[in-house]
Peer 1: 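One structure, pasted below without further comment.
Values in this document were obtained by computation on a predicted structure and should not be read as measured data.
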Amino acid sequence: MGVKGRAPALCPNRLNPAGFCPIQIGPEPPIGPLAMNAPVTAPSVAEAPRYDFLSAEPRWQLAWEARGCFHVEDQPTDGKPKYYVLEMFPYPSGRIHMGHVRNYTLGDVVARYKRARGYAVMHPMGWDAFGLPAENAARERGVHPARWTWDNIATMRGELKRMGLSLDWQREFATCDAAYYGHQQKLFLDLLRAGLAERRESWVNWDPVDGTVLANEQVIDGRGWRSGAVVEKKLLSQWFLKITDYAEELLAALDGLDRWPERVRLMQANWIGRSEGARLRFALDAPAGGIDGVEVYTTRPDTLFGMSFLAIAPEHPLAAAVAANSAGAAAFVAECRSMGTSEAAIETTEKKGFDTGLRVRHPFIEGATYPVWIANFVLMEYGTGAIFGCPAHDQRDLDFARKYALPVPPVVLPAGQDSAGFAIADKAFDGTGTMINSGFLDGLTAPDAAKPAAIAALEKLGVGQGVVNWRLRDWGVSRQRYWGCPIPVIHCDACGAVPVPDADLPVRLPDDVTFDAPGNPLDHHPTWKHVACPRCGQPARRETDTFDTFVDSSWYFARFCSPRSDAPMDRGAVDHWLPVDQYIGGIEHAILHLLYARFFTRALTRTGHAGVDEPFAGLFTQGMVTHESYRAADGAWLSPDEVEKRPDGTAVQLGSGAAVTIGRSEKMSKSKRNTVDPGAIIARFGADTARWFVLSDNPPDRDMEWTDAGAAGAFRFIQRLFRHVESRPAGGALPDSFGQPARDLRRATHRAIAAVTEALEDFTFNVAVARIHEFANAIAEAERAPPSADLDWARGEALDTLARLVSPMMPHLAEEMFATLHPDADRLLAEQPWPVADPALAAAERVTIAVQVMGKLRGAVDVAVGADEATVLAAAIAEPNVARALEGKRVVKRIYVPGRIVNFVIAG
RNA sequence: GCGGGCGUGGCGGAAUGGUAGACGCAGCGGACUCAAAAUCCGCCGUCCUCACGGACAUGUCGGUUCGAGUCCGACCGCCCGCACCA
């Protein structure tokens, strides 16, 4: 798809940009050949572009690559300060989408800007390549997951390269490559040795049709998201990483992440969920199945005198013991087990219980006993899996008590209430109050004073103690999947779970697998799992589970520092490059990925692989890319390509002209068909257009709407900038003095440098774009002024500056501008420094001061910058409109803010 | 229920307590053109006024201040995250 008639052939020496002869004007025919070669879908605005992105973009991409502009060493010795920019690496789903374009453009702006500021910038790219979609493709289309994945990677790599990202492609890797996941196996074995990984039984969501464990997010309305089968709870032996060992640290260290968004830190803090309370033991009146007591966790031990019942989770050992001898209990437990754990299921599920007939003794009240219920709302995973019910002061307990007609004794009296008539109706009271009906706690303030008093009493009696409890649970990493990193363990009947010796790593996935049966193909494989025990040599079985793919993404940023190392990472390289200075990605990873990576980094440091605790010093979370959705009269979703927007805001179906309903702008999704293919946009308008538009529309942390009009506007602006460069005057020597138009232009130039720099530092790229628009307007104004040598020189300075300022955002155009401005230079703009603003040149000569009377704007005066207060006030009073407002009034106070405002306060 | 965020023209948005609406999109008018596109110039919050100018205006109500989109309080609306977490 060349533009042969117009663009010159590539200069043989690609390293010499001066030899590019970038754009031929004059002798070449301006319209004909281009029009013939333009894409058929090109908009009319593209019919006569002066800047030919079709030839320029690939040409500059080759030039950058040939010169190795974006490559850095694992352990550089050039003495430059380091800067590690990373965007969340993509899952190779098939093609890139607009979310990728936005994400990688944001990162590239940072990378190119920091590089120009003199940093050695590491900006790598790789592939989060394991995952379920590859297996789905295998089942649905018979493609091998590896084939599917590697093909997608090839496609998406090409698309990313066409975006002109300043990536160090020499660092590329895919997590599905044994050269990566083998090291992950080694890391796991190190974690195992350090006591940070262990195998234990746990309850999981089990899909009986697919024969696999489901994550909570994969359970929809109590059914498996793929099979639609009713999900069961099942006890399975699984591998866990002990993230809870770091709960305290992961929470405390959030305070130090001052370059993270506040809301991400809050979400993590909530997820870790620290609470303070007490653990205490209730003795059973009579033992059952060898169990003589129940341990309970509570955050409100002060309300113990308000106890009405004790409830245990259906999975609690005592429930099992009771069920062994009670058909009713067994049936209830079975019913709970078949219940989904999804949010929807939980929300709609009524509180239900089963009275075991057992009773427990109260720790404080001699002789008092309470019934023990099995209750569906008690979670085995949180606390101890048992609670004491205090219905007066806990809404869930109250709902339960009302359903089963259990007593509701109040023990905390709200301020201003009289204890005589106080009773709980249908709303539990969980606020601050005064203790009543509570023996030795009576009169204390609850919970502040009463809670420690209750804990002290429990400790004195030896039945409980104050504890800190965490919501965070250990990270279950076992998945019954083929397309993941094999867990490097061998199960031996005699020796138990034996780690694969380091020398035998990597444990490779077998290629010859079938997907025709449900369940895990690794488990079905005829030979793969049958191995000798590394310890005793007897026949043994390989672990056929693979790691959760979140493990793969928990250390990839460290691997990027030394991607070809024989070890998981080189200590020198990670010590140099970590932490990531700027990490950029979607808010959807605010909790799991970022928390796992923070934990894993600590684990890497504990096992000697790295030396930092926090992987990401700075985090930026971008918004989504949205688009209008369209529906035909029959309700079918229509893609934007099938719809024509009318000037009056309505839309019709292309071809038929049938009316189309325009829906609100929402996240691009395949189901709503409101997606726009970045590849098509880049082919039609160029990468710089796509980059400029995703940056210009709004602040990057908010959702942005993709519109054709916006993209076309970005395209027009690119053409406009290049026209300014083409019509530049010949350069000359630095003049001795500058006239007014030249001084104005130089002021605009140096103000633009300062303003764009500030906006880039602030991540307000939309403001940087606006400042560049203003700067372009100033250049256009200078072009209209009468020509003069000093103005010509100032225009040259402005255009050179303009090229540099747009270079992080539109790097191809910037190179083309730079090469055109400096046709003899053997330099790439990508290697040029960022411009520096001269405050003296940026300073204003005159300034407009607003004049208010009683805070209302009445006029404005134009004064010299250095004018003293008396001069400014005199000018202000003289301003006709101000004078009129002050006429006959007595000024009692004059406010003067230099350079800004005058305000006269008048009497009466 | 708990936690957080956000309300500014037709739209996206800008604004260290100091001329609200920068900049862009859309729209309107004009120039160029046989015509259209492209390009260039101008207008563009609402109301009153021929105009000069004035009044109103940043979700609502109140407060602090010479001065509030910005700070404080209450309320309304929308969005997001977490959630039988004891």
Side-chain angles (χ1 to χ4, degrees), chain A residues 43-49 261-271 273 275 277 296-301 303 311 343 346-347 349-351 375-379 381-390 393-397 399-400 430 469-473 587-588 590-591 647 649 665 693 696-699 701-705 707 709-714 716-717 719-720 723 755 759 764 766-777 780 784 848-860 880-881 884 892-906:
Chain A
S44 48
V45 292
E47 274 172 18
E262 180 63 19
R263 74 169 168 147
V264 174
R265 292 192 286 171
L266 276 163
M267 283 161 77
Q268 292 219 346
N270 290 340
W271 188 262
S275 70
V296 154
Y297 171 74
T298 176
T299 55
R300 295 296 302 273
T303 63
E343 279 173 40
I346 287 163
E347 228 169 305
T349 303
E350 196 188 350
K351 288 184 179 41
N376 64 351
F377 69 94
V378 180
L379 307 174
E381 301 86 358
Y382 185 79
T384 61
I387 62 160
F388 84 85
C390 177
H393 307 292
D394 182 289
Q395 192 60 45
R396 294 156 301 177
D397 296 351
D399 295 345
F400 190 78
D430 57 6
N469 195 59
W470 303 92
R471 205 192 80 107
L472 183 69
R473 294 170 218 165
I587 188 71
E588 67 273 18
I591 298 178
S665 193
F693 178 52
S696 64
D697 203 43
N698 61 2
D701 54 341
R702 293 194 208 167
D703 291 353
M704 71 160 291
E705 184 180 8
T707 61
R716 279 198 303 271
F717 187 64
Q719 298 304 333
R720 181 185 159 195
R723 275 196 302 277
T764 50
N766 58 320
V767 178
V769 165
R771 298 293 167 246
I772 286 169
H773 271 284
E774 287 178 23
F775 185 28
N777 290 342
R784 290 194 290 274
T848 305
I849 308 275
V851 185
Q852 298 180 337
V853 177
M854 291 299 280
K856 280 199 180 292
L857 183 71
R858 291 297 175 215
N881 216 34
R884 199 179 323 141
V892 294
K893 194 171 175 185
R894 297 169 177 81
I895 311 281
Y896 171 53
V897 181
R900 295 226 173 253
I901 206 159
V902 171
N903 189 10
F904 294 110
V905 184
I906 55 182

Peer 1: Provide the distance between the two P atoms, one in rG4(B) and one in rC75(B), to the nearest whole Å.
Peer 2: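 About 15 Å, rounded to a whole number of Å.
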
Peer 1: Using whole Å, what does the distance between atom C1' of nucleotide rC85(B) and atom CD1 of Ile591(A) come to?
Peer 2: 14 Å

Peer 1: Nearest-Å distance, CG (Asp701(A)) to C1' (rC79(B))?
Peer 2: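 Result: 14 Å.
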
Peer 1: If we call it a pair only when both distances are under 3.5 Å in a Watson-Crick or G-U wobble match, what pairs with rC2(B)?
Peer 2: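 The base-pairing partner of rC2(B), which may sit in any strand shown, is rG81(B).
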
Peer 1: Is Lys351(A) close enough and on-axis enough to Phe400(A), meaning under 6.0 Å and within 45°, for cation-pi?
Peer 2: no

Peer 1: Calculate the interatomic distance between Leu266(A) atom CG and rG5(B) atom C1'; express it in whole Å.
Peer 2: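 Value for this atom pair: 11 Å.
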
Peer 1: Checking Asn766(A) now: which residues fulfil side-chain hydrogen bond (donor to acceptor under 3.5 Å, both in side chains) with it, not counting sequence neighbours?
Peer 2: none

Peer 1: From CH2 of Trp470(A) over to P of rC82(B), roughly how many Å is that when rounded to an integer?
Peer 2: 20 Å

Peer 1: What distance, rounded to whole Å, do you find between the two P atoms, one in rU49(B) and one in rA55(B)?
Peer 2: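 Pairwise P distance, rU49(B) against rA55(B), rounds to 16 Å.
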
Peer 1: It should be established whether Tyr382(A) places a side-chain nitrogen or oxygen under 4.0 Å from OP1 or OP2 of nucleotide rA86(B).
Peer 2: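 Yes, such a contact exists.
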
Peer 1: What pairs with Phe775(A) under ring-ring contact (aromatic ring centres under 6.0 Å, His included), at least two apart in sequence or on another chain?
Peer 2: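 Partners of Phe775(A) by the ring-ring contact (aromatic ring centres under 6.0 Å, His included) criterion come out as none, since no residue qualifies.
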
Peer 1: Nearest of rG4(B), rG24(B), rA86(B) to any side-chain atom of Asn777(A)?
Peer 2: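 Comparing rG4(B), rG24(B), rA86(B) against the side chain of Asn777(A), the answer is rG24(B).
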
Peer 1: Residues two or more places apart in sequence or in another chain: which of them pass side-chain hydrogen bond (donor to acceptor under 3.5 Å, both in side chains) with Asp394(A)?
Peer 2: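 By the side-chain hydrogen bond (donor to acceptor under 3.5 Å, both in side chains) rule, Asp394(A) matches Arg396(A).
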
Peer 1: Considering only atom P, compute the distance from rA26(B) to rA35(B) and round it to an integer number of Å.
Peer 2: 24 Å

Peer 1: Is the distance from OP1 or OP2 of rC84(B) to the nearest side-chain N or O of Lys351(A) less than 4.0 Å?
Peer 2: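 For rC84(B), neither OP1 nor OP2 has a side-chain N or O of Lys351(A) closer than 4.0 Å.
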
Peer 1: Any strand counts, and the cut-off is 3.5 Å on both contacts for Watson-Crick or G-U wobble. Which nucleotide pairs with rC71(B)?
Peer 2: rG63(B)

Peer 1: Which whole number of Å gives the distance between the C1' atom of rA68(B) and that of rC61(B)?
Peer 2: 15 Å

Peer 1: Could you measure between the two P atoms, the one in rA57(B) and the one in rG69(B), and give it in whole Å?
Peer 2: 10 Å

Peer 1: So if I define the base as every atom that isn't primed, P, OP1 or OP2, how would nucleotides 10-20 of chain B read as a B/S/- string at a heavy-atom cutoff under 4.0 Å?
Peer 2: --SSS-B-BB-

Peer 1: If you measure from the C1' atom in rG13(B) to the same atom in rA20(B), how many Å do you get, rounded?
Peer 2: 13 Å

Peer 1: Using side-chain hydrogen bond (donor to acceptor under 3.5 Å, both in side chains) as the criterion, list what pairs up with Asp430(A), not counting sequence neighbours.
Peer 2: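 With sequence neighbours excluded, Asp430(A) shows a side-chain hydrogen bond (donor to acceptor under 3.5 Å, both in side chains) to no residue whatsoever.
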
Peer 1: Could you pick out which residue, Ile587(A) or Arg300(A), lies toward the 5' side of RNA chain B when each is mapped onto its nearest nucleotide?
Peer 2: Ile587(A)

Peer 1: Sequence neighbours excluded, which residues qualify as side-chain hydrogen bond (donor to acceptor under 3.5 Å, both in side chains) partners of Asn903(A)?
Peer 2: none

Peer 1: Would you say Arg396(A) reaches rG1(B)'s phosphate, i.e. side-chain N/O to OP1/OP2 under 4.0 Å?
Peer 2: no

Peer 1: So what's rG7(B) paired with, Watson-Crick or G-U wobble, going by both distances under 3.5 Å?
Peer 2: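 Partner of rG7(B): rC76(B).
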
Peer 1: Would you call rG21(B) syn or anti, using the 90° rule around 0?
Peer 2: anti

Peer 1: Would you mind telling me which of rG24(B), rC84(B), rC25(B) lies closest to the side-chain atoms of Arg716(A)?
Peer 2: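 Within the option list, the nearest is rC25(B).
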
Peer 1: C1' atom, rC44(B) versus rG27(B): distance in rounded Å?
Peer 2: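 Looking at atom C1' only, rC44(B) and rG27(B) are 8 Å apart.
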
Peer 1: Rounded to whole angstroms, how far apart are CG on Asp394(A) and C1' on rG1(B)?
Peer 2: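 The distance from CG of Asp394(A) to C1' of rG1(B) comes to 11 Å, rounded to the nearest Å.
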
Peer 1: Output the rounded distance in Å from CG (Asp430(A)) to P (rC84(B)).
Peer 2: 17 Å

Peer 1: Nearest whole Å is fine: how far is rC2(B) C1' from Arg263(A) CZ?
Peer 2: 17 Å

Peer 1: P atom, rG12(B) versus rG7(B): distance in rounded Å?
Peer 2: 12 Å

Peer 1: Provide a list of protein-nucleic acid N or O atom pairs under 3.5 angstrom, restricted to nucleotides 68-71 of chain B.
Peer 2:
none

Peer 1: Report the distance from atom CZ of Arg471(A) to atom C1' of rG3(B), rounded to the nearest whole Å.
Peer 2: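 Nearest whole value for this atom pair: 12 Å.
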
Peer 1: What pairs with Phe388(A) under ring-ring contact (aromatic ring centres under 6.0 Å, His included), at least two apart in sequence or on another chain?
Peer 2: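 Counting only residues at least two positions away or on another chain, Phe388(A) forms no ring-ring contact (aromatic ring centres under 6.0 Å, His included).
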
Peer 1: Can you list everything that forms a ring-ring contact (aromatic ring centres under 6.0 Å, His included) with Tyr382(A)? Sequence neighbours excluded, please.
Peer 2: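 Checked Tyr382(A) against ring-ring contact (aromatic ring centres under 6.0 Å, His included); zero matches.
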
Peer 1: Would you check, one step at a time, whether the test side-chain contact (heavy atoms from CB on, under 4.5 Å) holds for Phe717(A) with Ile772(A)?
Peer 2: CA-CA 11 Å; Phe717(A) 187 64; Ile772(A) 286 169; 4.1 Å; yes

Peer 1: Nearest to the side chain of Ala770(A), heavy atoms from C-beta on, is which of rA26(B), rC23(B), rA86(B)?
Peer 2: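 So the nucleotide nearest the side chain must be rC23(B).
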
Peer 1: Measuring to OP1 and OP2 of rG54(B), would you say a side-chain N or O of Arg858(A) lies under 4.0 angstrom away?
Peer 2: yes

Peer 1: Are Arg858(A) and Val851(A) packed together at the side-chain level, in the sense that at least one heavy-atom pair is separated by less than 4.5 angstrom?
Peer 2: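 Of all side-chain heavy-atom pairs linking Val851(A) with Arg858(A), none is under 4.5 Å.
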
Peer 1: Report which part of the nucleic acid Asn881(A) touches: base, sugar-phosphate, or nothing (heavy-atom distance under 4.0 Å, all strands).
Peer 2: sugar-phosphate

Peer 1: Mapping Arg884(A) and Lys893(A) to their closest nucleotides on RNA chain B, which lands nearer the 5' end?
Peer 2: Arg884(A)

Peer 1: Using atom types as modelled and distance alone, determine if a side-chain donor or acceptor of Thr764(A) lies under 3.5 Å from a backbone N or O of Ala759(A).
Peer 2: yes

Peer 1: If the condition is salt bridge (charged side-chain N to carboxylate O under 4.0 Å, His left out), which residues does Glu588(A) pass it with, not counting sequence neighbours?
Peer 2: none

Peer 1: Can any side-chain N or O of Asp397(A) pair as donor or acceptor with the backbone N or O of Cys390(A) at less than 3.5 Å?
Peer 2: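 The answer is yes, because a donor-acceptor pair under 3.5 Å joins these two groups.
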
Peer 1: Check nucleotides 40-49 of chain B for protein N or O atoms closer than 3.5 Å to its own N or O atoms and list the pairs.
Peer 2:
| unit_1 | atom_1 | unit_2 | atom_2 | d |
| --- | --- | --- | --- | --- |
| rC41(B) | OP1 | Arg784(A) | NH1 | 2.4 |

Peer 1: Not counting sequence neighbours, which residues clear salt bridge (charged side-chain N to carboxylate O under 4.0 Å, His left out) with Glu705(A)? List them please.
Peer 2: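 Per chain and number, Glu705(A) pairs via salt bridge (charged side-chain N to carboxylate O under 4.0 Å, His left out) with no residue.
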
Peer 1: With respect to the side chain of Lys856(A), which nucleotide from rC56(B), rG81(B), rC66(B) is positioned closest?
Peer 2: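 Ranking rC56(B), rG81(B), rC66(B) by closest atom to the Lys856(A) side chain puts rC56(B) first.
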
